[in-house]
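Working notes for the structure below.
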Amino acid sequence: MAFKYSLVERSKDPRNPDSEKQWYGTPQSNAPLSGKAMTRAATKNTTTAPIELEAALDLLADFVPEQLLQGHTVTIPGLGYFRLTFKSKGAASVEDFDPREMLYDVRPVFVPDKAFRKRVQDNIVFEDGGVTKDGVSYRTRADYLLQAGGGSASTPGTGGSEPGSGDEDSFG
C-alpha cells in the first residue's frame, strides 16, 4: 500500500510571508484505527485474541509513564524506546536554580528502533495525494496542472516529475 503525500505551496522563510514560495511534500495521514479495530487487525491470522493484545497495551500504557517518572528509559523490543525530555531556564548560580520554576515543557519522546525505522523506510512507496494552493485542494497533481492551464499533465510512470521518474526534482 502506498503512502499519500500532498504538495503545499509555502514561503521559504515562514517568518517572512513575502519570501519566495516553494512546493513542499506533506504527509496525508488517514484517520487512525480505533483501539479495537487496531487490535483486531494486528492479531489477524494469529492465535492471540484481540482482547489479549488490548489488555497488554493497556498494561503498557500504565507501565511506561510510571517508569519514565522514575527516570528510566523504557524499551519496547522491536519498536524503540521512550524517554523524558524537558527544557530549562538558566540560573546565575547553583543556589538560584529552582526546578519547579526553571524546568518546563516536559515531554515523553519515542525513539524508533533502527531496524524498525529501516523496515519502514525501505518499504515506503509514495503516492500522489493532490495539491493545495491558495486554500484550494486538487485531488491529484495532474488535476492541478490541468486547472492551472499548465498544458498536459503527465501521469505516474510516464515521465514528468512524479516520484521515481528520474527527474532532478523527483522525490524518488
Side-chain angles (χ1 to χ4, degrees), residues 1-35 37-38 41-42 57 61 64-65 68 73-76 78-92 96-172:
M1 178 165 285
F3 188 89
K4 286 190 176 186
Y5 68 92
S6 294
L7 291 175
V8 178
E9 189 177 40
R10 293 193 305 241
S11 294
K12 225 173 155 177
D13 179 2
R15 295 170 301 217
N16 179 5
D18 296 329
S19 70
E20 177 186 350
K21 291 187 175 188
Q22 289 192 328
W23 290 97
Y24 295 88
T26 60
Q28 204 180 67
S29 298
N30 292 323
L33 292 175
S34 70
M38 187 272 302
L57 291 172
V64 171
L68 292 175
T73 296
V74 181
T75 300
I76 314 288
L79 291 178
Y81 63 89
F82 286 94
R83 64 180 174 81
L84 276 184
T85 188
F86 54 81
K87 293 181 181 176
S88 176
K89 296 176 187 172
D96 291 339
F97 190 85
D98 180 358
R100 293 169 299 192
E101 298 290 324
M102 304 184 104
L103 299 179
Y104 65 100
D105 196 18
V106 176
R107 294 173 286 153
V109 173
F110 178 74
V111 179
D113 181 80
K114 287 180 183 176
F116 174 78
R117 181 189 308 245
K118 184 168 175 30
R119 195 166 74 223
V120 171
Q121 290 172 336
D122 289 351
N123 292 294
I124 194 162
V125 175
F126 292 104
E127 180 181 319
D128 180 1
V131 173
T132 301
K133 181 173 177 155
D134 300 327
V136 178
S137 294
Y138 300 87
R139 193 175 58 80
T140 65
R141 188 184 328 189
D143 290 345
Y144 167 76
L145 292 171
L146 288 173
Q147 187 69 28
S152 65
S154 49
T155 55
T158 62
S161 59
E162 286 296 319
S165 69
D167 284 0
E168 290 176 14
D169 61 350
S170 172
F171 291 12

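Each residue takes its place number in the sequence, starting with 1.
- Residues satisfying the side chain to side chain donor-acceptor pair (under 3.5 Å) test with K133, not counting sequence neighbours, are E9.
- Within the 4.5 Å cutoff, no side-chain heavy atoms of V109 are placed close to those of F82.
- Under the side-chain contact (heavy atoms from CB on, under 4.5 Å) test applied with Y81, the options T73, V74, D113 reduce to a single match, T73.
- Across all their heavy atoms, F86 and Y104 have their closest contact at CB-O, 3.5 Å.
- Here the straight-line distance linking atom OG of S11 with atom NZ of K21 works out to 5.0 Å at 0.5 Å rounding.
- In terms of the side chain to side chain contact (heavy atoms under 4.5 Å, CB included) criterion, residue partners of E101 (sequence neighbours excluded) are, by chain and number, D98.
- A 4.5 Å side-chain heavy-atom check between V136 and Y144 finds every atom pair outside the cut-off.
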Inset, instruction - Decide yes or no on side chain to side chain contact (heavy atoms under 4.5 Å, CB included) for L145 and Y138, but give the supporting numbers first. - result: CA-CA 9 Å; L145 292 171; Y138 300 87; over 6 Å; no

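- Between the CZ atom of R10 and the OG atom of S19 there is a distance of 11.5 Å, given to the nearest 0.5 Å.
- In terms of heavy atoms, A61 sits closest to P65 at O-CD, 2.9 Å.
- Between V8 and Y24, the closest side-chain pair of non-hydrogen atoms is not below 4.5 Å.
- Rounded to the nearest 0.5 angstrom, T140 OG1 and D128 CG are separated by 5.5 Å.
- When the side chain to side chain donor-acceptor pair (under 3.5 Å) test is applied to N16, no partner is found at least two apart in sequence or on another chain.
- Every pair passing salt bridge (charged side-chain N to carboxylate O under 4.0 Å, His left out) that includes a residue from residues 78-91 is listed here, sequence neighbours excluded: K87-D105.
- Note that the CD atom of E20 and the CD atom of Q22 stand 5.0 Å from one another [nearest 0.5 Å].
- For D122, the side chain to side chain donor-acceptor pair (under 3.5 Å) partners are K118, not counting sequence neighbours.
- Minimum heavy-atom separation, G129 to Q28: O-NE2, 2.7 Å.
- For the pair L84/V106, a side-chain contact is recorded, criterion being any heavy-atom separation below 4.5 Å from C-beta on.
- Taking CG of L7 as the start and OG1 of T26 as the end, the distance is 7.5 Å to the nearest 0.5 Å.
- With rounding to the nearest 0.5 angstrom, the CZ atom of F3 is 8.0 Å from the CG atom of N30.
- The side chain to side chain contact (heavy atoms under 4.5 Å, CB included) test applied to F97 returns S88, A91, P99, M102, L103, not counting sequence neighbours.
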